[in-house]
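To keep things clear, I will list the structure first and then write my remarks on it.
Hydrogens, waters and symmetry mates play no part in the numbers below; they use all other heavy atoms, side chains included. Throughout, protein chains are lettered first and strands after them, A, B, ... in sequence-line order, and every chain is numbered starting at 1. Quantities reported herein were computed from a predicted structural model and do not represent experimental measurements.
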2 protein chains.
Amino acid sequence: MNDDTTQERILQAAGEQFASQGYDQATIRGICQQAGVNLAAVNYYFGDKERLYIEAVKHARRLREKQAPLPAWTESTPPQEKLAQFVLTLLQRMLCEPGDPWQTRLIMREIMEPTKACEEMVHEAFQPFFQILNDILSEMMPSGTATHVIHQWALSVIGQCFYYRANAKILTMLIEEEELRSEFSIDQLSAHITNVILRGLGYCPPLSSETPVAAMRRGR
Amino acid sequence: MNDDTTQERILQAAGEQFASQGYDQATIRGICQQAGVNLAAVNYYFGDKERLYIEAVKHARRLREKQAPLPAWTESTPPQEKLAQFVLTLLQRMLCEPGDPWQTRLIMREIMEPTKACEEMVHEAFQPFFQILNDILSEMMPSGTATHVIHQWALSVIGQCFYYRANAKILTMLIEEEELRSEFSIDQLSAHITNVILRGLGYCPPLSSETPVAAMRRGR
DNA sequence: TCGCAATTAAAACGTGCGTTTAAAACGATT
DNA sequence: AATCGTTTTAAACGCACGTTTTAATTGCGA
């Protein structure tokens with residue numbers, strides 16, 4: 001609640017350092033220096049480096065969730081619109097625009113190399129989020145569709161979004177900078193990904209990825 | 001060429017250790033012990049830890065590429081079939097079946113957190129692979145389709161495959177073990193992903209993800 | 001068999017880190 | 001003002017690691 005306690009300043013500094021340097025390269029000395037607190041404060045408040053890391057991850061996830069919440073839907077919101085907004089929110093959380101995406105960097109590390117901090121993250125955030133997506137998709141598919149098919153489509157949605165975050169650095173080597181800047185904004189990617197899924201499910205907006213979903217979004 | 005020199009044994013051990021422990025946690029002592037060579041051999045052959053790491057990454061990529069090559073296509077091979085086989089090969093490389101996937105683990109680390117070892121990997125492997133996929137897709141789309149649209153569809157293919165590797169640990173927390181075992185084999189995932197793209201592009205196999213592409217693959 | 005270069009071996013060095021300790025400063029309560 | 005629990009401070013410890021050094025061993029051509 002209080003925002004300038006010693007604990008909070010350590011958590012903030014630790015998050016940034018762990019995100020940019022990784023668990024091993026980030027040092028307690030560096031974190032404490034950035035936080036402007038004494039070296040022993042970490043031991044005093046968190047016990048050791050590992051427990052500090054776990055708390056920093058939780059802290060990052062809470063922050064991130066507040067910054068890009070899902071919109072509220074009514075019962076009459078059509079599933080296509082929900083899907084489009086879901087994809088947009090997911091991309092916003094992952095690409096963390098605007099500002100420094102240190103929270104997401106930390107979370108990405110945890111996804112690829114899960115530690116003890118992972119379990120809380122999955123149960124508090126990923127599970128419910130995944131469930132919402134499954135519900136949207138099952139509305140759009142024939143009733144009686146097998147669970148694993150719905151799951152596979154859901155993972156197709158998440159996978160496409162995830163890729164742009166995880167491979168951000170590689171992307172700049174595969175695609176020219178100018179093209180990335182003009183054609184790969186969050187809105188454009190969101191429109192394309194939604195489009196792939198909609199067309200795959202038999203809803204058929206035109207092949208060109210931009211206009212239809214962007215228009216749908218404007219209408220919310 | 002020779003397979004049991006000191007250098008080769010160090011490279012092998014280094015690959016496994018870097019993959020399973022990460023760059024920092026892997027120790028030169030541990031690598032040399034596993035390789036059965038003296039501690040100073042790393043300095044003698046590779047100079048320092050960083051250069052050893054770079055060589056280990058290159059070594060891993062070369063190994064992996066030989067283990068799952070793309071099939072040879074003739075001019076009459078239909079693009080749908082090429083796409084299906086491309087997806088299958090990509091999944092095989094990423095999920096590294098059968099055997100211990102240490103090569104892929106190493107490469108994944110490098111993708112998410114590129115170091116100096118990355119550039120070689122992108123130019124020698126990712127660029128050409130990405131180009132092949134773009135060629136296949138442009139065959140399947142209206143001529144004159146904008147480059148960035150083709151790129152986006154290509155990334156949709158790669159993104160879906162990538163996800164299953166990068167989030168393997170998380171997946172086991174989102175989906176029950178039994179379902180994963182029976183419905184998420186490489187063949188089944190490959191069929192689903194190919195299906196999403198084919199349907200998205202206007203080729204329309206039925207929604208159920210299994211049969212059509214599996215059948216197509218049997219016919220090669 | 002000698003000599004020379006390439007390789008392997010054992011031991012030590014220096015450093016940076018996580019952690020601990022013990023004392024000092026602070027703040028509320030009486 | 002005195003006391004006592006809480007928080008902050010400065011300094012040190014101990015250890016594991018990357019790297020270096022120096023010596024021993026090997027392999028081979030003359």
Side-chain angles (χ1 to χ4, degrees), chain A residues 1-60 102 105-106 109-110 113-118, chain B residues 1-60 102 105-106 109-110 113 115-117:
Chain A
M1 311 303 146
N2 199 337
D3 214 30
D4 204 48
T5 69
T6 300
Q7 291 193 52
E8 284 289 334
R9 307 199 18 232
I10 294 177
L11 272 183
Q12 178 75 19
E16 297 177 24
Q17 294 277 330
F18 282 135
S20 67
Q21 323 253 14
Y23 181 81
D24 290 294
Q25 297 232 17
T27 69
I28 294 185
R29 281 174 172 81
I31 291 169
C32 288
Q33 186 174 354
Q34 181 178 334
V37 305
N38 186 270
L39 174 61
V42 164
N43 174 268
Y44 184 76
Y45 284 104
F46 298 95
D48 56 19
K49 192 182 184 182
E50 188 183 6
R51 271 173 288 183
L52 170 60
Y53 173 77
I54 293 174
E55 292 307 315
V57 171
K58 292 185 187 174
H59 182 241
W102 67 263
R105 281 184 67 100
L106 200 53
R109 281 185 197 280
E110 195 56 28
E113 223 83 45
T115 69
K116 291 176 187 169
C118 183
Chain B
M1 310 300 146
N2 198 336
D3 215 29
D4 204 47
T5 69
T6 300
Q7 292 193 52
E8 283 289 335
R9 304 189 34 224
I10 293 177
L11 272 183
Q12 178 75 19
E16 296 177 25
Q17 294 277 330
F18 282 134
S20 68
Q21 322 253 14
Y23 180 82
D24 291 293
Q25 297 231 16
T27 69
I28 295 186
R29 282 174 171 82
I31 291 169
C32 288
Q33 186 175 355
Q34 180 178 332
V37 305
N38 186 269
L39 175 60
V42 165
N43 175 267
Y44 184 75
Y45 284 105
F46 298 94
D48 55 19
K49 191 183 184 182
E50 187 183 7
R51 273 174 287 184
L52 170 60
Y53 174 77
I54 292 174
E55 292 308 315
V57 171
K58 292 185 186 173
H59 182 240
W102 68 263
R105 282 184 66 99
L106 201 52
R109 282 186 197 279
E110 196 55 29
E113 224 84 45
T115 68
K116 291 176 185 167

Flag, side chain of B:Arg29 to backbone of B:Leu39, donor-acceptor distance under 3.5 Å:
no
Polar atoms only, N or O, under 3.5 Å: list the protein pairs with nucleotides 15-22 of chain D and their distances.
{"residue": "D:dG18", "atom": "OP1", "partner": "B:Lys49", "partner atom": "NZ", "Å": "2.7"}
{"residue": "D:dG18", "atom": "OP2", "partner": "B:Ile28", "partner atom": "N", "Å": "2.9"}
{"residue": "D:dG18", "atom": "N7", "partner": "B:Arg29", "partner atom": "NH1", "Å": "2.8"}
{"residue": "D:dG18", "atom": "O6", "partner": "B:Arg29", "partner atom": "NH2", "Å": "2.9"}
{"residue": "D:dT19", "atom": "OP2", "partner": "B:Lys49", "partner atom": "N", "Å": "3.0"}
{"residue": "D:dT20", "atom": "OP2", "partner": "B:Asn43", "partner atom": "ND2", "Å": "3.2"}

Is the side chain of A:Lys49 donor-acceptor paired with the backbone N or O of A:Val42 at a distance under 3.5 Å, no angle test?
no
Within 45° cone and under 6.0 Å: A:Lys116 NZ/CZ vs A:Tyr53 ring:
no
Atom CG of A:Leu52 and atom C1' of C:dC17 are separated, to the nearest Å, by 15 Å
Rounded to whole angstroms, how far apart are OH on B:Tyr44 and C1' on D:dT26?
12 Å
Rounded to whole angstroms, how far apart are CD1 on B:Ile10 and C1' on C:dT8?
11 Å
Please test B:Gln7 against B:Ile10 for side-chain contact (heavy atoms from CB on, under 4.5 Å), starting from the C-alpha separation and ending with a verdict.
CA-CA 5 Å; B:Gln7 292 193 52; B:Ile10 293 177; 5.9 Å; no
Rounding to a whole Å, what distance do you find between B:Asn38:CG and C:dT8:C1'?
6 Å
Rounded distance (nearest 0.5 Å) linking atom OH of B:Tyr45 with atom CG of B:Leu52:
13.5 Å
Using the salt bridge (Lys or Arg N to Asp or Glu O under 4.0 Å) rule, take A:Glu113 and B:Arg105 through it: C-alpha gap first, then chi angles, then the decisive distance, then the call.
CA-CA 10 Å; A:Glu113 223 83 45; B:Arg105 282 184 66 99; 2.9 Å; yes
